[in-house]
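Written below as structure tokens is the structure these notes are about.
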Amino acid sequence: MKRPPVFNQPIFRPGRVRRPRRPHPRLKGLSINHLLPNVLTVLALCSGLTAIRFAIQERWEPAVIAIVIAAILDALDGRIARLLNGQSKFGAELDSLSDAISFGVAPAFMMYLWGLNGAGSLGWIAAMAYAVCCALRLARFNSRLGVVDLPPWAYNYFTGVPAPAGAGLVLLPMTLGFEAGPDWIGHPVVIVPWTLMIGGLMVSTLPTFSFKGARVPAQWVVPALAGVGLIAAMMVSQPWWTLSIIGLAYLATLPFSILQFRKLQRAAELMKGEIIEPVPAEDAPAEADATPGETGKPL
């Protein structure tokens, strides 16, 4: 007896091709390399906002430390972005907004609550002028992103004092006041023109060293590392004197940066102005000045 088929119809019809299974779609998003610089920028922003909180509580020393931490994070995020190839327009805009708050609004707020309020409306004008100058300096920097018409020798210079350095300089009277006393150095007669001067340096066109392309010679590597260790020890034992010395040393580099920039500019102009001298007329061939028939050739 013949057994009936279990299935009335075959599972696979003849001539029908089985379709492959559709793979699961991959999740699209940013990699850690692209996200890490933005994380550092957000942390710098949070540090700047924390400095404002400490200033409201009149805890000046933690407020200055918060600004220093924001400056360190700001220096790291750009370099890490270049190392990891994580640059983006979003990151550049976020970095500028963070700098405007951490190095513009926060130091101005701190200086006003620390000593500028003693000058009344003039102190508020100085604090506001500094914050506006910082925003203008960052806007000018953003407008020049991607500009490639700069000469090669100009890439190692900033136009004006950068925002983190400006924040450190405007807080220099406060850091000196922690050691020398705020009676004379925190007087409005001193800090009002100082704040206005630092704001003017930020929006100026003075060339300042960027230190991004600085290279340490091989014979100076060990002394440089020893110097870093010495600065770290000084920061632990005498932080305010160390920060003050660093700020004064940066101010001392401004005349040298201007002189070096002008020297390179003059050298570039001399190289550009060199042209090939024309051949004197007496050295030209005689045939060039001869009229037809004088050279012995037929007319």
Side-chain angles (χ1 to χ4, degrees), residues 67-68 70-72 74-83 87 92 95-96 98-100 102-104 107 129-173 175 193-221 223-224 227-228 231 242-275:
I67 296 296
V68 172
I72 295 174
D74 180 74
L76 290 177
D77 61 0
R79 286 161 176 79
I80 291 179
R82 287 187 290 270
L83 289 175
Q87 303 97 323
D95 183 72
S96 296
S98 174
D99 291 352
S102 299
F103 308 127
Y130 170 80
V132 170
C133 289
C134 182
L136 292 175
R137 191 254 180 273
L138 293 170
R140 182 178 62 186
F141 179 80
N142 282 352
S143 64
R144 295 183 179 181
L145 288 177
V147 176
V148 295
D149 58 349
L150 293 176
W153 51 267
Y155 281 97
N156 292 327
Y157 294 88
F158 287 127
T159 302
V161 175
L169 291 177
V170 80
L171 293 176
L172 187 58
T175 56
W194 177 263
T195 305
L196 293 174
M197 183 189 73
I198 300 304
L201 288 177
M202 295 178 70
V203 295
S204 67
T205 57
L206 297 177
T208 58
F209 290 126
S210 66
F211 300 106
K212 291 182 178 180
R215 294 181 178 273
V216 180
Q219 63 272 19
W220 289 99
V221 171
V228 172
I231 293 175
T242 305
L243 290 176
S244 301
I245 292 173
I246 292 175
L248 294 174
Y250 180 80
L251 277 179
T253 63
L254 296 183
F256 295 99
S257 66
I258 297 172
L259 293 176
Q260 184 68 17
F261 184 87
R262 291 178 178 176
K263 181 180 178 180
L264 294 174
Q265 189 177 24
R266 287 194 298 267
E269 290 175 356
L270 289 176
M271 294 177 62
K272 186 178 180 180
E274 292 180 354
I275 57 174

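These numbers were taken from a predicted model, which means no experiment stands behind them.
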Rounded to the nearest 0.5 Å, what separates atom OH in Y250 from atom CG in L172?
13.0 Å

For A252 versus P255, what's the shortest heavy-atom pair and its separation?
O-CD, 3.3 Å

Which heavy atom of S96 sits nearest to which heavy atom of L138, and what is that distance?
O-CD1, 3.5 Å

Quick check: closest heavy atoms across C134 and G104, and the distance to 0.1 Å?
SG-CA, 3.6 Å

Within-4.5 Å side-chain heavy-atom neighbours: T208 and P162:
yes

Hey, is the main chain of N156 close enough, under 3.5 Å, to the side chain of S210 for a donor-acceptor pair?
yes

May I have the step-by-step check of side-chain hydrogen bond (donor to acceptor under 3.5 Å, both in side chains) for T175 and S244, ending in yes or no?
CA-CA 6 Å; T175 56; S244 301; 3.3 Å; yes

In this structure, CG of L254 is separated from CG of L206 (nearest 0.5 Å) by 7.5 Å

Closest contact, heavy atoms only, F103 versus I67:
CE2-O, 4.1 Å

From CG (D74) to CG (D95), nearest 0.5 Å:
5.0 Å

All heavy atoms of T195 vs all of V170, minimum pair found to be CG2-CG2, 3.9 Å

How far does CD1 of I246 sit from CG of L251, to the nearest 0.5 angstrom?
12.5 Å

Minimum heavy-atom distance L136-V203, with the two atoms named:
CB-CG1, 4.1 Å

Can any side-chain N or O of Y130 pair as donor or acceptor with the backbone N or O of A167 at less than 3.5 Å?
yes

Do P207 and T159 come within less than 4.5 Å of each other through their side chains, counting heavy atoms only?
no

Ring pair (Phe, Tyr, Trp, His ring centres under 6.0 Å) partner of F261, chosen from Y157, F158, F209, F256:
Y157

Does the side chain of K263 reach to within under 4.5 Å of the side chain of L259, using non-hydrogen atoms?
no

Give a yes or no answer on whether the side chain of S204 reaches the backbone of L201 with a donor-acceptor pair at less than 3.5 Å.
yes

Can any side-chain N or O of R137 pair as donor or acceptor with the backbone N or O of G166 at less than 3.5 Å?
no

Interatomic distance, CE@M202 vs CZ@R140, rounded to 0.5 Å, equals 9.5 Å

Using side-chain contact (heavy atoms from CB on, under 4.5 Å), reason through I198 and V161 one step at a time and then give a plain yes or no.
CA-CA 8 Å; I198 300 304; V161 175; 5.9 Å; no

